[in-house]
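Both backbone and side-chain heavy atoms feed into the values below; hydrogens, waters and symmetry mates do not. Order of the sequence lines fixes the chain letters, A, B, ..., with proteins taken first and strands second; residue numbering starts at 1 for each chain.
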Protein chains: 2
Amino acid sequence: MTTETSNQERGLAERAYLTLRAAILEHELAPGTRLSVPNVAERLGVSRSPAREAIARITYEGLAHFEPNKGAVVADVDAASLVEIYEVREALEGLACRLASRRMSPQDVDGLRDLLAQHAAAVEAGDVETHYKLDMRFHARIRELAGNTRLTTQLELLQRQIRLAMYTTHRSPGGMPQAVTEHRRIVDALESGDPVLAEAAGRSHIGRLLRDLSAAERVG
Amino acid sequence: MTTETSNQERGLAERAYLTLRAAILEHELAPGTRLSVPNVAERLGVSRSPAREAIARITYEGLAHFEPNKGAVVADVDAASLVEIYEVREALEGLACRLASRRMSPQDVDGLRDLLAQHAAAVEAGDVETHYKLDMRFHARIRELAGNTRLTTQLELLQRQIRLAMYTTHRSPGGMPQAVTEHRRIVDALESGDPVLAEAAGRSHIGRLLRDLSAAERVG
DNA sequence: CTACGAGAGATTGCATGCAATTTCAAGCCC
DNA sequence: GGGCTTGAAATTGCATGCAATCTCTCGTAG
């Protein structure tokens, strides 16, 4: 719902928040960067009030954290935090699949298969950027189909934190075909209409990422 | 009747937030109440800046929601929202049990059994208030043992939203013995050290509450 | 050359001013 | 008597003033 489209009608604080968030997610503001109110205010061309509010929101959402007497600092999501995030995400993504399996129509399944086909093509072509984008859209679509607003909100929050961490750690292009395979398994499970199967498929997908993460951690 | 709550050395905004949150959770500010900035500021004896910040935080945490051109309104957590909340909680509480089962020491198990004994005694005596308190402490202890800060934060958020809804809907004293039984099952599972069993126990406990909720909804 | 201290600058947190907008209600016209 | 208009009070969102505090650098003493 909140894409980059309507940036005009909201207040300054809202736009400041979105701009700041984008800057952080694009790594324009690297982890460790101090987000002082006057600094952010000037950067975004607003006064201190909306800047302060934007920073507060960023901090609430875990994209920055407060250091006493130092203000907000862009979060450096380390491996341990990433494990925490993926543990929670594993449970929630499983839930999303379970809920989605109950509400999906055959048309919805077709829609996911479309996405899947595009995704497979992109991976076949080695297009990492498109892979990343379609992977996001796949999960976004599933949580949308789940129809649970709190779940959606949480998963989106986790997604952003992961995206922030992606820069710190490494993106794993090696897992692209694996992702497609697992996504297909998820769609198959969703189509079957079996909630247990669907949940298992969703969970194991994220669980695999978590294990990869732990493995990479042990190596590096 | 101003601020008799715990006054830490935190800032005014922090205290304002805690005071306001307590007022909402104690139903001193009923669902539907408008939280206008000047009103809250006067109520808490602070200026508009910390009041505004407190309201923003309350809103962010789902205890109030924004109505355009009306400001924040204390959330009226209806049955549909409660279902959403319990669906998420079911998954997360299961995760908490799973994680806890891996990190718990025998002493931790003993601690939970102590809690359980007190709880059982309170229920035996028909002490609803103590039941409620010990039920909370039981779950709080488990998520603490799980050792995942994001999970803890989320569960606490959900807990508060549920508590807010408790006033709107009904508290079910009939489920007290059931709760003790299920908690015992959870402790047994945790003690066994089997993550799968532990997760299932935690999930089914919340799942039962969710089903009770749905049943009550169909009746009322 | 190193350790330390003082001062300058910057930042946070809170208070308050101000304009645009909205809500609410009383009064008027039909 | 009822519906509509108008006006006043209130609210939000943003800008800014201000004091206390902290950081960080640079100069100085040992």
Undergrad: Does atom CZ (B:Arg113) have a neighbourhood of more than 12 heavy atoms from anything else shown, all under 6.0 Å?
TA: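 It does: B:Arg113 CZ has more than 12 such atoms within range.
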
Undergrad: With DNA chain D as reference, determine whether A:Arg48 or B:Pro38 sits nearer its 5' end, using the nearest nucleotide of each.
TA: B:Pro38

Undergrad: Nearest-Å distance, CG (A:Leu12) to C1' (D:dT12)?
TA: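 These atoms are roughly 13 Å apart.
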
Undergrad: Does anything in residues 49-66 of chain A come within less than 4.0 Å of DNA chain D? Heavy atoms only, and list the residues if so.
TA: A:Ser49, A:Pro50

Undergrad: If the threshold is 4.0 Å, N to carboxylate O, is there a salt bridge linking A:Asp108 and A:Arg141?
TA: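 Salt bridge flag = yes for A:Arg141 with A:Asp108.
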
Undergrad: Checking A:Tyr60 now: which residues fulfil ring pair (Phe, Tyr, Trp, His ring centres under 6.0 Å) with it, not counting sequence neighbours?
TA: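 Scan of A:Tyr60 (ring pair (Phe, Tyr, Trp, His ring centres under 6.0 Å), adjacent residues dropped) gives B:Tyr60.
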
Undergrad: Any side-chain heavy-atom pair from B:His139 and B:Glu93 closer than 4.5 angstrom?
TA: yes

Undergrad: What protein N or O atoms touch nucleotides 22-24 of chain C N or O atoms at under 3.5 angstrom, if any, and at what distances?
TA:
none

Undergrad: Do any N or O atoms from the side chain of B:Thr33 and from the backbone of B:Ala30 form a donor-acceptor pair under 3.5 angstrom?
TA: yes

Undergrad: Dump the pairs, protein N or O against N or O of nucleotides 5-10 of chain C, anything under 3.5 Å, distances to one decimal.
TA:
none

Undergrad: Who passes ring pair (Phe, Tyr, Trp, His ring centres under 6.0 Å) against A:Tyr86, sequence neighbours left out?
TA: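 A:Tyr86 satisfies ring pair (Phe, Tyr, Trp, His ring centres under 6.0 Å) with no other residue.
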
Undergrad: For A:Tyr17, check ring pair (Phe, Tyr, Trp, His ring centres under 6.0 Å) against everything at least two apart and list the hits.
TA: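 A:Tyr17 satisfies ring pair (Phe, Tyr, Trp, His ring centres under 6.0 Å) with no other residue.
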
Undergrad: Can a donor-acceptor pair be found between the side chains of B:Glu84 and A:Thr149 at a distance below 3.5 Å?
TA: yes

Undergrad: Using atom CZ of A:Arg10 as one end and atom C1' of D:dT12 as the other, report the distance to the nearest whole Å.
TA: 14 Å

Undergrad: Do you know the tightest heavy-atom contact between B:Ala23 and B:Arg43?
TA: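 Closest heavy-atom pair between B:Ala23 and B:Arg43: CB-NH2, 4.1 Å.
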
Undergrad: Is any side-chain N of the basic residue among B:Arg137 and B:Glu144 closer than 4.0 Å to the acidic one's carboxylate O?
TA: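 Between B:Glu144 and B:Arg137 there is no salt bridge, as every charged N stays at least 4.0 Å from the carboxylate O atoms.
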
